[in-house]
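Everything on this sheet refers to the single structure shown next.
No hydrogens, no waters, no symmetry mates; every other heavy atom, side chains included, goes into these values. In this chain, residues are counted from 1 in sequence order.
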Amino acid sequence: MGPGVPPMPVHIELLAVGEMDQPALRRAAEEYARRLSRYARVSQRRVPGEPIPARRSQREINRVLESEGRRLLEALDPGAYAVALDRRGRSLTSEEVAEWLNQRLVAGDSRLAFLIGGPLGLAAPVLERARERWSLSHLTFPHQMVPVILLEQLYRAFRILRGEPYHY
């Protein structure tokens, strides 16, 4: 995809657990979604998170993950190419994200869904449903930061593919 070549119509959806209650992060995510909307239809949907008990047993952790995972899978478009954000996933450079995006567009994957778990991560059924797993970093980020980082990287990927200037 070179400069001046319009991308095929694509819908990018972020499906996340829990509300984004930090105004600065919400504004940053909205800003990158706005920028990205020049290249793709963008939506962000949230499913309710479960309260996490202060003293959590493995049984409680599994219960929370299962409940949140069920909500994510119910919200996920069955035809979407799903990518789970997972600390054990594959790490990519910005250029590799751009190449991945180009491959998805060439393959005709017009619905891309990115699955973002709550503080405890994602349930096994969600990870199994995903076609791929990505890790944004070896660092641990608050889960509310993930949409901002992801949207910025997708915006950067489109800029790279279109040969448009960006800080890279």
- Pairing residues for Arg88 by the side-chain hydrogen bond (donor to acceptor under 3.5 Å, both in side chains) criterion, not counting sequence neighbours: Asp86
- Got Leu72 and Leu122 here, is their nearest side-chain heavy-atom distance under 4.5 Å? yes
- Query: Taking the side chain as C-beta and beyond, is there a heavy-atom pair between Ile116 and Leu14 under 4.5 Å?
  - Reply: yes
- Heavy-atom nearest pair, Leu76 first then Ala82, reads CD2-CB, 4.2 Å
- Cation-pi between Arg104 and Tyr81: NZ/CZ under 6.0 Å from ring centre and within 45° of the ring axis? yes
- Measure across Gln153 and Ser94 and return the closest heavy-atom pair with its distance rounded to 0.1 Å. OE1-OG, 2.6 Å
- Query: Sub-3.5 Å donor-acceptor pair from the side chain of Arg45 to the main-chain atoms of Leu15, do we have one?
  - Reply: no
- With a 4.5 Å heavy-atom cut-off, do Arg38 and Arg162 have their side chains touching? no
- Can you hop from Val146 to Val17 via hydrophobic side chains spaced under 4.5 Å? no
- Task: Treating Ile, Leu, Val, Met, Phe, Trp and Tyr as nodes and any side-chain heavy-atom pair under 4.5 angstrom as an edge, say whether Leu139 and Leu120 lie in one connected cluster.
- Result: no
- Message: Return the CD to CZ distance between Gln44 and Phe114, rounded to the nearest 0.5 Å.
- Response: 12.0 Å
- Query: What is the distance from atom OG of Ser37 to atom CD of Glu30, rounded to the nearest 0.5 Å?
  - Reply: 12.0 Å
- Are any of the side-chain heavy atoms of Leu151 and Val42 separated by less than 4.5 Å? yes
- Task: Can you see which heavy atom on Arg129 is nearest to which on Pro78, and at what distance?
- Result: NH2-O, 3.2 Å
- Message: Using only atom types and a distance under 3.5 Å, with no angle test, would you say the side chain of Arg159 pairs donor to acceptor with the backbone of Pro165?
- Response: yes
- Query: Is Val83 linked to Leu154 within one hydrophobic cluster, defined over Ile, Leu, Val, Met, Phe, Trp and Tyr using a side-chain heavy-atom separation of less than 4.5 Å?
  - Reply: yes
- Item | Flag side-chain contact, heavy atom, 4.5 Å: Glu95 against Glu99 | no
- Considering non-hydrogen atoms only, spot the tightest contact between Ile12 and Ala40 and give its length. CD1-CB, 4.0 Å
- Leu112 vs Leu101 side-chain heavy atoms within contact, under 4.5 Å: yes
- Message: Taking Glu152's backbone N and O only, do any of them form a donor-acceptor pair with Arg35's side chain (distance below 3.5 Å, no angle check)?
- Response: no
- Query: Within the side chain of Glu68, is there an N or O that forms a donor-acceptor pair under 3.5 Å with the backbone of Glu50?
  - Reply: yes
- Query: With the 4.5 Å side-chain cut-off for hydrophobic clustering, are Leu36 and Leu136 part of the same group?
  - Reply: yes
- Here the pair of heavy atoms bringing Ala75 nearest to Val47 is CB-CG1, 4.0 Å
- Query: In terms of ring plane angle, is the pair Trp134 and Trp100 parallel, tilted or perpendicular, where the classes change at 30° and 60°?
  - Reply: perpendicular
- Message: Using 0.5 Å steps for rounding, measure from the CZ atom of Arg133 to the CG atom of Leu115.
- Response: 11.5 Å
- Pairwise distance CG(Asp77) to NE2(His11) - rounded to 0.5 angstrom: 8.5 Å
Show every donor-acceptor pair shorter than 3.5 Å between a side-chain atom in residues 21-28 and any protein atom, with sequence neighbours excluded, or say none if there are none.
from  : atom 1 : to     : atom 2 : distance (Å)
Asp21 : OD1    : Gln144 : NE2    : 2.8
Arg26 : NH1    : Met20  : O      : 2.5

- Query: Applying the 4.5 Å side-chain criterion to the ILVMFWY set and letting contacts propagate, would Met145 and Ile52 be lumped into a single cluster?
  - Reply: no
- Item | Closest non-hydrogen atom pair, Leu127 against Ala84 | CD2-CB, 3.8 Å
- Do NZ/NE/NH1/NH2 and the carboxylate oxygens of Glu74 and Arg71 come within less than 4.0 Å? no
- Using a 4.5 Å cut-off on heavy atoms from C-beta on, say whether the side chain of Phe158 contacts that of Val10. yes
- So with a 6.0 Å cut-off around CZ of Arg111, is the heavy-atom count from everything else above 12? yes
- Task: Would you mind reporting whether Arg55 and Glu60 have side-chain heavy atoms less than 4.5 Å apart?
- Result: no
